[in-house]
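Lettering of chains follows the sequences in order, A, B, ..., and the numbering in each one begins at 1.
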Amino acid sequence: MQELVERVTAWFGDAARDLPWRAADRTPWGVLVSEVMLQQTPVVRVEPVWREWMRRWPTPADLAAAPTADVLRAWGRLGYPRRALRLADCARAVVERHDGEVPRDEDALRALPGVGEYTAAAVRAFAFGRRAVVVDTNVRRVQARAVTGVALPAPSYTAAERRLAASLVPDDDATAARWAAASMELGALVCTARVPHCDDCPLRTTCAWRLAGFPADEHAARRRTQAWEGTDRQVRGRVMAALRGAESPVHRALLADAGPPDQLDRCLAGLVEDGLAETDDAGRYLLPA
DNA sequence: AACTCGGGGAC
DNA sequence: GTCCCAGAGTT
């Protein structure tokens, strides 16, 4: 085994966080739910929502039968609520296509709503203990620094990164699955984006970025922070927060604080189009049944 | 390849 | 105010 893998997996033995979707009594469905919730959302915010979600809907069949309004309220403020719709669609697909059991086959996983390249690989590794090339934002950063010797990976995932990641994955299932969890954990806890904790890193003596003298990020100029103030996403978020909190359908006039009239209309139409909201016969807005 | 899609905590 | 977070789907 490569020394890189050995050092990181050994470190993981002591440093691994005690997360509920890693517990001995975890289920493949619980792992899948956690992965969807964790898409672009930090662990600390997901954990309490995941616990309540799994208590309420422990199996795909349970979630498949839940009203959309309940699903969206339970999703709460995790963000990107379309993920909640896809997760419910995913539960129905698991029930219909796979007799209620999360499939182990990578192609079958990828065919599920809300499951892309990363999530399919993560479920393979973490739910079933199988070999998979699991590359998230943490792994990209760890290999960019430790192997390639640059401060941060390119803005978008490249074929070269995928090839490098594949070359690092150990051959046997158990070690590969452990490497996947360990390399992600290193990026999340030590090899962090803003202020890396190199003194605590198991790779501090071999890290290519460190040995090169911590060269600056070459892509810094091209990274554009996503605008937020005044965007449709902000307005949509305000509308969804209002609908989640409402006990009865909401008249458009009561949503006027969410944004300027034209933008509000556009966002309302978009939310209806996305299946995140609907209107009653009086033209008021509510979460879908 | 570029774009859209939330929300909040750390700095 | 800026950055970043276990990405996916659409165009």
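Residue contacts for Leu19(A): at a heavy-atom cut-off of 4.0 Å it reaches a base atom on one of the strands shown. Using a 4.0 Å heavy-atom cutoff across all strands shown, Arg22(A) reaches at least one base atom of the nucleic acid. Within the 4.0 angstrom heavy-atom criterion, no nucleotide atom of any strand lies near Trp75(A).
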Next item on the list: Decide yes or no on side chain to side chain donor-acceptor pair (under 3.5 Å) for Gln39(A) and Tyr118(A), but give the supporting numbers first.
Entry: CA-CA 9 Å; Gln39(A) 291 165 0; Tyr118(A) 161 76; over 6 Å; no
Next item on the list: Evaluate side chain to side chain donor-acceptor pair (under 3.5 Å) for Arg236(A) paired with Thr231(A), printing each intermediate quantity in order.
Entry: CA-CA 9 Å; Arg236(A) 285 167 58 106; Thr231(A) 60; over 6 Å; no
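Note: CD (Glu117(A)) to C1' (dG9(C)) measures 14 Å, nearest angstrom. Between the CG atom of Leu112(A) and the P atom of dG9(C) there is a distance of 10 Å, given to the nearest Å. Atom pair His219(A):NE2 and dA1(B):P shows a separation of 13 Å (rounding to whole Å applied). Rounded to whole Å, the distance from CG on Asp217(A) to P on dC3(C) is 11 Å. Asn138(A) places its CG atom 7 Å from the P atom of dC5(C), with the value rounded to the nearest Å. The separation between Tyr118(A) atom OH and dG9(C) atom P is 14 Å, rounded to whole Å. Atom CG of Leu189(A) and atom C1' of dA6(C) are 12 Å apart (whole Å). Rounded to a whole Å, the CZ atom of Arg110(A) is 11 Å from the C1' atom of dG7(C).
Nearest-nucleotide positions on DNA chain C for Pro113(A) and Ser34(A) put Ser34(A) closer to the 5' end.
Nearest approach of Leu38(A) to Trp21(A), heavy atoms of both residues: CD1-CZ2, 3.9 Å.
Here the side chain of Glu218(A) pairs no donor or acceptor atom with the backbone of Ala154(A) at under 3.5 angstrom. In terms of modelled atom types and a separation under 3.5 Å, the side chain of Arg131(A) and the main chain of Pro170(A) share a donor-acceptor contact. Of the possible donor and acceptor atoms, one in the side chain of Arg22(A) sits under 3.5 Å from a partner among the backbone N and O of Arg17(A). A distance-only check finds no donor-acceptor pair linking the side chain of Arg110(A) to the backbone of Asp107(A) [under 3.5 Å].
If you check the side chains of Thr148(A) and Gln143(A), you find no donor sitting under 3.5 Å from an acceptor.
Residues from residues 119-130 of chain A lying near DNA chain B, meaning a heavy-atom separation below 4.0 Å, are absent. Within residues 141-169 of chain A, no residue has a heavy atom under 4.0 Å from DNA chain B.
Rounded to whole Å, the separation between the P atoms of dC3(B) and dA6(C) comes to 25 Å. Only the P atoms considered, dA8(C) is 23 Å distant from dG8(B), to the nearest whole Å. Between the P atoms of dG6(B) and dT11(C), the separation comes to 16 Å (whole Å).
In this structure, Phe12(A) CZ and Leu189(A) CG are separated by 9.0 Å, a value rounded to the nearest 0.5 Å.
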Item checked: Contact letters for nucleotides 3-11 of chain B, in which S counts primed atoms plus P, OP1 and OP2 and B counts the base, heavy atoms under 4.0 Å -> --BBBS--S
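By the neighbour-count criterion of 12 heavy atoms within 6.0 Å, atom CZ of Arg77(A) is sparsely surrounded, having that number or fewer from other residues, nucleotides or ligands. Within 6.0 Å of atom CG in Asp99(A), 12 or fewer heavy atoms from other residues, nucleotides or ligands are found, so the atom counts as exposed in its surroundings.
Salt bridge present: Arg252(A) and Asp265(A) bring a charged side-chain N and a carboxylate O closer than 4.0 Å.
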